[in-house]
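Everything below concerns the one structure shown next.
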Amino acid sequence: MTETAQSTRPTAPNQSDADHADGVDVPEQVRVRRAKRERMLAAGTEPYPVAVPVTHTIGEVRSSYADALEPGEETQDEVGVAGRVVHLRNTGKLCFATVQDGAGQTLQYMLSQREVGQEELDRFKADVDLGDHLFVHGRVIASRRGELSVFADSWQLAAKSLRPLPALHKESSEENRVRRRHVDLITRQRARDVVRLRAAVVRSLRETFHSRDFVELETPMLQTMHGGAAARPFSTHMNAFDIELYLRIAPELFLKRAVVGGIERVFEINRNFRNEGADSTHSPEFAMLEAYEAYGDYNTMATLTRDLVVTAAQDALGTTVITLGDGSSYDLGGEWADIQLYPSLSAACGEEITPETGLDRLLALADQVGLSIDPKTAISGKVVEELWEHFVGDHLYAPTFVRDFPIDTSPLTRAHRSIPGVAEKWDLYVRGFELATAYSELVDPVVQRERFEAQARLAARGDEEAMQVDEEFLQAMEYGMPPSGGMGMGIDRLLMAMTGLGIRETIPFPLVKPLEH
RNA sequence: GGGCCUCUAGCUCAAUGGGUAGAGCAACGGACUUUUAAUCCGUGGGUUGUGGGUUCGAGCCCCACGGGGCCCA
């Protein structure tokens, strides 16, 4: 588009059309700002210039002059700085604007009538609103109160904001924060911090893996079979092949095929999709870490997991001690507790529970404590796990490994090498939820086929979470998979464990139900 | 799936027993050359989530639907 075309964009005659373009009444403040944009265009001033001559970031100005200037001291250093206006204080002949960068660092601009002239000052007062991106050029000085400032000799709007920001000193409702995260990020420091914390954690995890010679792999998200976990999948349709596909519920089976192929230390950090509930600990799409190590087992995975978590906390938070909003705290560092599932359940419920305990007895116990379990699809291992969560898991705040799970709920895990009736699997509990899980992986293709067939029988009985028989995976196993340890960890849950936040606060843009209209 | 709570101005919240819908910030107009949640004077801004119902009269009572939250299973 040419300059001429830009400056003849629709003006007053189309104003009312623009006001109702989205079919709803436009709030007064939006109308006012749209009018300012039109006025600027009519005056030949670009409200959205393609570039402004920035020479320094807000952070660079801050760090260069931090505590270096006395109140009232002026330098001759000229800078060009841009940022979003979060605070305006216009007095008669001297205006102050506080601008903010994406990380929440702020810097003050000062516009004096003496420096820029009456006309420029008037234009500033007329055109600039809270929320606008504003560029100024000028000298770095400290105000009389000692506030680091850029004393403008010229200014220019970098981008006009057409919507008013919410009150900056009141918390928005959780719904508004989630539905308009962009606004949340502008107005709330904690929101900005969590985004950066998440990035730091993921980066730390990758670095720990790299330092241990793991290879990062991206395996398919669109799969012809859903497997690798017990969960209901999303399904979709592929036009070219005219087949139904599933969004993956886990990368496990592909990563194991990679191990068969010789990628002996492999990990993936990516999204899984599970067509289940959405609440304060579950999101339909969530970030998952999985790792496999040939010639490892669930013990080496425990060491790896602790290393990943402790290093991530140190890298991203600088400490392993987590303090929650309610003042309680727990330490992700130090030695982690290590308990066994059946003995800890027995101790907590006051009755000896073993892999031999009958299903009827377990269902009776579950009923006693108010757990509702569908008898049609009930298997003893599943009931034991529910009982364990009720009696023990919900109360584990400090990191705790829980070892040796029922075999019938662990179809991809090998039987324990010395304890009969259980699988070499642990879950890691923190803050009352499952943060990670690991197995000594089942690598016997014949036993694996039997486990899949048992899963298929569950599916036939109506268990929508049961796995399918994956022939491609079985065939891969038949080529020989080395003895291996495997581990999976929820990235969102790691953030939850490190911050005390709900899952929707750790995911920048979680899925929310669309509003009607 | 069940129960309870909630939805009012751009944002955060008020509104006696059913009787003209208000405040702070934000906006608009004015004053002000060192403010920093600036201050002072003045003004505008509402389909009270949506749709029905009861009533002379509904933000408030009843029903349905939608969004959100908490608890339970």
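Please read these numbers as outputs of a predicted model, since none were measured by experiment. Chain letters run A, B, ... following the sequence lines, proteins first, then strands; residues in each count from 1.
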Looking at [N], which nucleotide sits across from it as a Watson-Crick or G-U wobble partner, both distances under 3.5 angstrom, or is there none?
N: B:G29; answer: B:C41
N: B:G1; answer: B:C72
N: B:C61; answer: B:G53

Among A:Arg232, A:Lys382, A:Arg457, the one residue meeting side-chain hydrogen bond (donor to acceptor under 3.5 Å, both in side chains) with A:Asp463:
A:Lys382

Ignoring backbone atoms, test whether [X] places a side-chain nitrogen or oxygen under 4.0 Å from the OP1 or OP2 oxygen of [N].
X: A:Lys513; N: B:G67; answer: yes
X: A:Asn176; N: B:U12; answer: yes
X: A:Lys93; N: B:U33; answer: yes
X: A:Lys36; N: B:A27; answer: no

Please measure how far the [atom1] atom in [N] lies from the corresponding atom in [M], and state the result in whole Å.
N: B:G42; M: B:C32; atom1: C1'; value: 16 Å
N: B:U54; M: B:G59; atom1: P; value: 16 Å
N: B:U50; M: B:G10; atom1: P; value: 13 Å
N: B:C4; M: B:A58; atom1: P; value: 27 Å
N: B:G57; M: B:G69; atom1: P; value: 37 Å
N: B:U12; M: B:G3; atom1: P; value: 29 Å
N: B:G17; M: B:C61; atom1: C1'; value: 12 Å
N: B:U36; M: B:G51; atom1: P; value: 45 Å

Decide if atom [atom1] of [X] counts as having more than 12 heavy atoms of other residues, nucleotides or ligands within a radius under 6.0 Å.
X: A:Arg461; atom1: CZ; value: yes
X: A:Glu119; atom1: CD; value: no
X: A:Gln118; atom1: CD; value: yes

Can you check whether A:Thr57's main-chain N or O pairs, donor with acceptor, with A:Glu60's side chain at less than 3.5 Å?
yes

Can you tell which of [options] lies closest to the side chain of [X]?
X: A:Gln29; options: B:C32, B:A26, B:U35; result: B:A26
X: A:Gln113; options: B:U33, B:C32, B:U35; result: B:U33
X: A:Arg504; options: B:U35, B:U33, B:G69; result: B:G69

Specify the residues of residues 142-153 of chain A, ordered by number, for which at least one heavy atom lies under 4.0 angstrom from an atom of RNA chain B.
A:Ser143, A:Arg144, A:Arg145, A:Glu147

Rounded to the nearest Å, what distance is computed from the [atom1] atom of residue [X] to the [atom2] atom of nucleotide [N]?
X: A:Leu107; N: B:U36; atom1: CG; atom2: P; result: 17 Å
X: A:Phe124; N: B:U35; atom1: CZ; atom2: P; result: 17 Å
X: A:Arg33; N: B:G45; atom1: CZ; atom2: C1'; result: 15 Å
X: A:Leu168; N: B:G24; atom1: CG; atom2: P; result: 18 Å
X: A:Glu175; N: B:C70; atom1: CD; atom2: P; result: 12 Å
X: A:Arg34; N: B:A27; atom1: CZ; atom2: P; result: 18 Å
X: A:Lys125; N: B:A27; atom1: NZ; atom2: C1'; result: 17 Å
X: A:Asp394; N: B:C72; atom1: CG; atom2: P; result: 10 Å

Quick check for you: to the nearest 0.5 Å, what is the distance between A:Leu130 atom CG and A:Ile186 atom CD1?
11.5 Å

Identified side chain to side chain contact (heavy atoms under 4.5 Å, CB included) counterpart of A:Leu387 within the set A:Leu365, A:Leu363, A:Val392
A:Leu365

Which of A:Thr354, A:Leu359, A:Asp360 passes side chain to side chain contact (heavy atoms under 4.5 Å, CB included) with A:Thr357? It is A:Thr354

Is there a donor and acceptor pair closer than 3.5 Å between the side chain of A:Glu171 and the base of B:U12?
no

So what does [X] touch, heavy atoms closer than 4.0 Å: a base, only the sugar-phosphate, or nothing?
X: A:Thr91; result: base
X: A:Leu130; result: sugar-phosphate
X: A:Asn90; result: base
X: A:Glu28; result: base
X: A:Arg177; result: nothing
X: A:Arg114; result: base

So, A:Thr413 and A:Arg451: side-chain donor and acceptor under 3.5 Å apart, yes or no?
no

Assess the side chains of A:Thr437 and A:Asp427: does a donor N or O sit below 3.5 Å from an acceptor N or O?
yes

If each of A:Gln108 and A:Arg179 is mapped to the nucleotide of RNA chain B with the nearest heavy atom, which maps nearer the 5' terminus, i.e. the 5' end?
A:Gln108

Residue pair A:Ile141/A:Leu88 against RNA chain B: nearer the 5' end by closest nucleotide is A:Ile141

